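Read the structure below first, then the notes.
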Amino acid sequence: MAAKSGRLAPYLMILPSGLWLLAFFAIPLVLMVSLSLQTGNLVDGFQQTFHWRNYVDGLDTYGDKFVRSLWYGLLATGACIALAYPAAYWIAFHGGRHKSTYLFLLLLPYFVSFVLRTVSWKLVLTDNGPILGPLRDHGIVPDDFHILDTATAVVSGLTYNFLPFMVLPIYVALERVDHRVVEAAYDLYASRLHAFTKVILPLSLPGVFAGVIMTFVPISADYVNAEVLGGPQNTMIGNVIQSEYFGNSAYPVASALSFTLMAILLIGIFVYARTLGTKDVLEAAGR
Amino acid sequence: MTETQSAPVREAPERAVAAIELSGVEKSYVSHGETVAAVRGVDLRIAEGEFFSLLGPSGCGKTTTMRMIAGFEDPTAGAVYLHGSDVTGVPANKRDVNMVFQSYALFPHMNVFENVAFGLRRKGVPKDEIRSRVGAMLGVVDLAGREKRRPAELSGGQQQRVALARALVNRPRALLLDEPLGALDLKLRQLMQVELKRIQREVGITFVYVTHDQSEALTMSDRIAVMNDGVIEQLGTPREIYERPATRFVAGFIGTSNLLGGEVAGAGERAVLAGGPDERIEVPLRDGAAVAVGERLELTVRPEKIGIGLDRPDEGLCRVRGTVTEVVYLGTSTNYNVTTAAGADVVVFLQNATSADDIAVRGDDVWLSWDPRHSYAIHPDA
Ligand SMILES: Nc1ncnc2c1ncn2[C@@H]1O[C@H](COP(=O)(O)OP(=O)(O)OP(=O)(O)O)[C@@H](O)[C@H]1O
Ligand SMILES: [Mg+2]
């Protein structure tokens, strides 16, 4: 009896989350796949016609938006690494007894709602706002200089909003680096630069790797930043999906676009994981 | 304390150049607003090619001393010399000594070859030479053919040897080992002790070996510094340290030692201590040590130097009376615990060479005897 319940225990433990995933992930996914192949409209209803053209048309019409989304995703992810790594490094190695305080301060803005944060950026960056207003008044920047409604504004907003998802995994990885291993590098004649590039950096790469996945995927699918900060010229695929769905009620098209994006991201992550996520990369970095 | 202890050396340049020299080295840490003295004045000279051990209980400052030699810590006071040049304040990566860490601290993301090649690469040694030197060194530590393994794929003993190879391949002028065998089980430990000694003979490099295991220090070292509470209590060869402990701490820390005390009844070349009726306790006063009649004096005798018997011992030997409190048969030897008439607890190790039967049983009144030359006086203030 005891042995039997022991064997069942693992299944019982995953049962709640399994049911949750089934109800709110797997079933909707299947419904959405089905929806993406339908034709019709809100008034006459939608029929299953296995209309593959939803996918082809979607890519044809919005190819540039896909490209822009991935490009913004790359830029913002790169910017996240550039900002997060030094901060995480400093906290992990020089934070002393106040590490968790510094980490908390870094994460403090993220206790505010995502939309609210983005809207407040809009207020700050607007043409006559607290930054550009005085700069224009004093003639430091020309009158036709904008930040809002530019690609820079969107990428900056994305970077800002997803920064914690890069900081935390990098911090965890750096925190786990054994100080004696770093000392061993110094003992073996490594300069500060080499101790970093040959030992600390390779040992923290798994954190960067995880951070990239955790930021690139949601950034590429984001629509709030482009909506609030980007204006009509900088729309991303997320905006298209949103307006097709809620604006035009073109559910099949929106679903097809969603799955196309999902497929692109999955393939991208898969290739990324296969090429960069291996031990050989770490080893090459340490050579 | 004894002549085996090196006198404080501050006039370094005039003497023969030592491989490693510490002069008046102190180190204190400030933690939570309190100053902790980890090392309180250490002077020592380690000769080229010597196997030198720092031995002492946990927290006595061994690691701190070693880290100051390696360059990971700067002394609060005093100076560190390597081969005659003052390296105080020189960072670790500029010092020609290498360290084997207690935890090995192997680079987990590199295979065995890359680990061992690390130092040579940093020094810009040509590729071909790196390959041949790493290969040869892996041969010395018996790890040839394991080049591609990761540290996580090696046993504890193998990791230990990688750590050793990683340091030795650089041909440092001295190798510092901080309890390198601490994580190994007894069997492997003893094997590695022999192995380390062989490697040291083979490469001829100065080894500074930190351990809190006295038998390890005794078997491997040319000389031992016994540390306690941030100072060196005694410095000498294993034989000197074992046979004639200079202080009560050393006597207690190294092996088993018997401490007997008494009032000085007569002093000359030997101090005669007051004992019970027909008892005789004498101890040679060496190195011009002087005691006055009436002072209290203690002496140490090793357990294997003491004889035990029911009959009164020969004239010329020291003798005291006691009662056997415990007899422990150990196969090759038997241990007797005896409480003397004066109340001291004495341990006696007796080889079971001739007799299969116990000489005495629990509760027997016995005589203990030893040659006075095997006993050493310890001054009350030591
Ligand atoms: N970084 C530090 N900050 C504060 N105190 C320290 C520091 N390093 C060591 N100490 C203190 O200095 C003393 C000596 O430490 P050390 O590590 O040299 O001991 P040890 O002889 O190597 O002991 P063990 O055998 O346990 O390794 C200890 O009391 C320790 O608490
Ligand atoms: Mg230590």
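No experiment lies behind these values; they were computed from the predicted model shown. Just so we're on the same page: letters track the sequence lines, and every chain starts at 1.
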Inset, instruction - Evaluate the side-chain proximity of B:R166 to A:L188: yes if any heavy-atom separation is below 4.5 Å, no if none is. - result: yes
Inset, instruction - Measure B:L106 against the heavy atoms of chain A and call it side chain, backbone, both or neither at under 4.5 Å. - result: backbone
Inset, instruction - Provide the closest heavy-atom pair for A:A184 versus B:A105 in the form atom of the first, atom of the second, distance. - result: CB-O, 3.8 Å
Legend entry - pair A:Y189-B:D96: side-chain heavy atoms closer than 4.5 Å: yes
Legend entry - Greater than 12 external heavy atoms within 6.0 Å of B:K123's NZ: yes
Inset, instruction - With a 4.5 angstrom heavy-atom cut-off, could you sort out which part of A:A195 is near chain B: side chain, backbone, both or neither? - result: neither
Legend entry - Euclidean distance, A:K198 NZ relative to B:E114 CD, rounded to 0.5 Å: 9.5 Å
Inset, instruction - Go through the atoms of B:V100 and report whether side chain, backbone, both or neither lie under 4.5 Å from a heavy atom of chain A. - result: neither
Inset, instruction - Kindly compute the distance separating CZ (B:R122) from CG (A:D187), expressed to the nearest 0.5 Å. - result: 13.5 Å
Inset, instruction - Determine whether more than 12 heavy atoms belonging to other residues, nucleotides or ligands lie under 6.0 Å from atom CZ of A:F114. - result: yes
Inset, instruction - Take atom NE2 of B:H83 as the centre, draw a 6.0 Å sphere, and report whether it contains more than 12 heavy atoms from other residues, nucleotides or ligands. - result: yes
Inset, instruction - Please check if atom CD in B:E129 has more than 12 non-hydrogen atoms from other residues, nucleotides or ligands closer than 6.0 Å. - result: yes
Inset, instruction - Check whether more than 12 heavy atoms from other residues, nucleotides or ligands sit under 6.0 Å from atom CH2 of A:W90, and answer yes or no. - result: yes
Legend entry - Value rounded to 0.5 Å, distance of CZ in B:F72 from NE2 in A:H179: 13.5 Å
Inset, instruction - Answer yes or no: are there more than 12 heavy-atom neighbours, outside B:R198 itself, under 6.0 Å from its atom CZ? - result: yes
Legend entry - Distance in Å, A:E183 CD paired with B:M99 CE, rounded so as to fall on 0.5 Å steps: 7.5 Å
Inset, instruction - Check whether more than 12 heavy atoms from other residues, nucleotides or ligands sit under 6.0 Å from atom OH of A:Y110, and answer yes or no. - result: yes
Inset, instruction - Give the minimum heavy-atom separation between A:V181 and B:P108, together with the two atoms involved. - result: CG1-CD, 4.3 Å
Legend entry - Rounded distance [0.5 Å steps], CZ in A:R180 versus CZ in B:F101: 9.0 Å
